[in-house]
Amino acid sequence: MKKFLISAVAVLMIAVSFASCYDPYAGIKDKSKKPTPASQSTTAAAEEKKTKKISDKKYDDTFAGLRDFMKDSGYIKIEDNNVTKMQADLIGAEKGYKYTDGDTRVELYAFKLKSENKTRDKVIKSVKEKGTFTLYSEEIPAYLSDNGKYLMVYSNPASNDKNSDAYKFKQKAVKAFKGFKA
């Protein structure tokens with residue numbers, strides 16, 4: 001009986017540790033692999049070549065417009081197995097999706113600014129002041145677009161090294177994101 005209880009507690013602790021704003025009912029599973037040093041440099045070098053500077057003028061000022069702009073710029077990839085619908089309401093957003101490409105995860109969220117929403121306002125204020133917001137007691141680094149309508153969470157372990165190609169790629173992605181419809 002003790003072994004059973006210990007096992008149940010261990011499973012519960014593991015489940016809680018992996019909690020995020022992931023929507024398990026979205027039907028699309030995240031199949032990203034664990035980062036390895038060799039794949040990090042290869043992925044970053046390949047991503048560096050895929051990006052292109054484009055104007056946001058031909059894109060609508062909507063979530064779909066932002067998504068297409070980031071895709072066409074080479075900062076996200078959209079395939080059946082790498083897109084996950086997020087529970088955007090947990091941060092007060094209207095919609096949100098996560099796009100994975102190897103070691104890189106990019107979450108994009110759109111806010112509806114005209115209605116009253118305390119959760120959204122708290123998240124936006126926190127990102128403006130600290131560059132992070134709190135979800136499930138975890139501080140999550142995030143970026144707010146210059147027009148305040150969109151939020152991006154960008155994660156790639158290789159981008160922590162300021163001398164890496166992955167870091168340079170992340171900086172370009174953040175700059176393009178922030179400037180979208182500014």
Side-chain angles (χ1 to χ4, degrees), residues 20-32 43-44 46-133 135 140-156 159 165-182:
S20 70
C21 54
Y22 168 66
D23 182 2
Y25 303 106
I28 302 173
K29 300 293 182 205
D30 179 3
K31 297 184 180 179
S32 64
T43 302
E47 289 172 346
E48 189 71 31
K49 293 178 184 175
K50 290 190 282 185
T51 62
K52 48 190 161 186
K53 181 136 173 95
I54 59 175
S55 171
D56 66 353
K57 290 183 177 154
K58 73 175 191 171
Y59 300 94
D60 294 334
D61 191 5
T62 62
F63 181 85
L66 170 65
R67 178 201 61 216
D68 293 345
F69 171 73
M70 295 296 282
K71 177 184 172 275
D72 293 347
S73 297
Y75 299 117
I76 63 171
K77 186 190 292 185
I78 299 175
E79 296 174 347
D80 288 341
N81 64 348
N82 78 325
V83 179
T84 305
K85 184 177 181 180
M86 306 302 280
Q87 288 182 323
D89 59 322
L90 292 176
I91 64 167
E94 185 176 31
K95 61 173 61 169
Y97 288 86
K98 176 172 62 175
Y99 307 91
T100 56
D101 185 15
D103 300 332
T104 304
R105 288 183 308 128
V106 177
E107 296 177 28
L108 298 175
Y109 296 92
F111 294 112
K112 190 174 188 178
L113 298 176
K114 293 184 180 180
S115 62
E116 195 171 310
N117 186 323
K118 291 179 182 179
T119 304
R120 174 204 63 213
D121 295 342
K122 183 178 175 182
V123 168
I124 289 174
K125 181 180 179 188
S126 180
V127 172
K128 282 181 179 179
E129 292 175 357
K130 301 184 301 183
T132 63
F133 66 92
L135 183 64
I140 301 169
Y143 305 92
L144 194 61
S145 63
D146 290 342
N147 67 9
K149 293 171 82 173
Y150 308 105
L151 182 123
M152 178 174 75
V153 176
Y154 189 104
S155 173
N156 180 338
S159 68
D165 289 337
Y167 176 80
K168 294 172 189 170
F169 183 79
K170 177 182 177 179
Q171 296 308 307
K172 288 181 181 181
V174 169
K175 183 177 180 182
F177 167 78
K178 283 185 163 195
F180 181 73
K181 297 297 180 183

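As the structure is a prediction and not an experimental result, all values here were calculated from the model.
- Scanning all heavy atoms of the two residues, the minimum distance from Ala142 to Val153 falls at CB-CG2, 4.1 Å.
- Remark: Lys122 NZ to Ile91 CD1 distance equals 13.0 Å, nearest 0.5 Å.
- Listed by chain and residue number, Tyr143, Asp146, Val174 satisfy the side-chain contact (heavy atoms from CB on, under 4.5 Å) test with Lys178 (two or more places apart in sequence, or in another chain).
- The heavy-atom pair separating Glu94 from Ala88 by the smallest distance is C-CB, 4.2 Å.
- Pairing each heavy atom of Phe63 with each of Leu108, the nearest pair is CE1-O, 3.3 Å.
- If you take CG on Asn81 and OG1 on Thr84, they are separated by 9.5 Å, rounding to the nearest 0.5 Å.
- Comment: Glu107 engages Arg105 in a salt bridge, judged by a side-chain N to carboxylate O separation of less than 4.0 angstrom.
- Distance check, rounded to the nearest 0.5 Å: NZ of Lys125 to CG of Leu144 gives 14.5 Å.
- Qualifying side-chain contact (heavy atoms from CB on, under 4.5 Å) partners for Asp68, counting only residues two or more places apart in sequence or in other chains: Tyr59.
- Expressed to the nearest 0.5 Å, how far CZ of Phe111 lies from OG1 of Thr119 amounts to 10.0 Å.
- Interatomic distance, CG of Leu90 versus OH of Tyr109, reported as 8.5 Å (0.5 Å rounding).
- Ring planes of Tyr150 and Phe180: perpendicular class, angle over 60° (limits at 30 and 60°).
- Checking Lys77, Met152, Lys170, Lys98 one by one against Val106, the side chain to side chain contact (heavy atoms under 4.5 Å, CB included) holds for a single residue, Met152.
- Considering every non-hydrogen atom in both Asp61 and Lys149, the closest pair reads OD2-NZ, 3.1 Å.
- Defined by atom type and a distance below 3.5 Å, a donor-acceptor pair is missing between the side-chain atoms of Asp101 and Tyr75.
- Asn82 contributes a side-chain N or O that, together with a main-chain N or O of Thr100, makes up a donor-acceptor pair within less than 3.5 Å.
- Here Ser145 pairs with Asn147 under the side chain to side chain donor-acceptor pair (under 3.5 Å) rule; sequence neighbours left out.
- Side-chain contact between Ser73 and Lys172 is absent, with no heavy-atom pair separated by less than 4.5 Å.
- The two residues Asn156 and Ala166 make their nearest non-hydrogen contact at ND2-CB, 4.2 Å.
- Shortest non-hydrogen contact noted between Tyr167 and Ser159 is CD1-O, 3.1 Å.
- Rounded to the nearest 0.5 Å, atoms CD1 (Ile76) and CZ (Phe69) are 11.0 Å apart.
- Heavy atoms from other residues, nucleotides or ligands lying under 6.0 Å from NZ of Lys95 number 12 at most.
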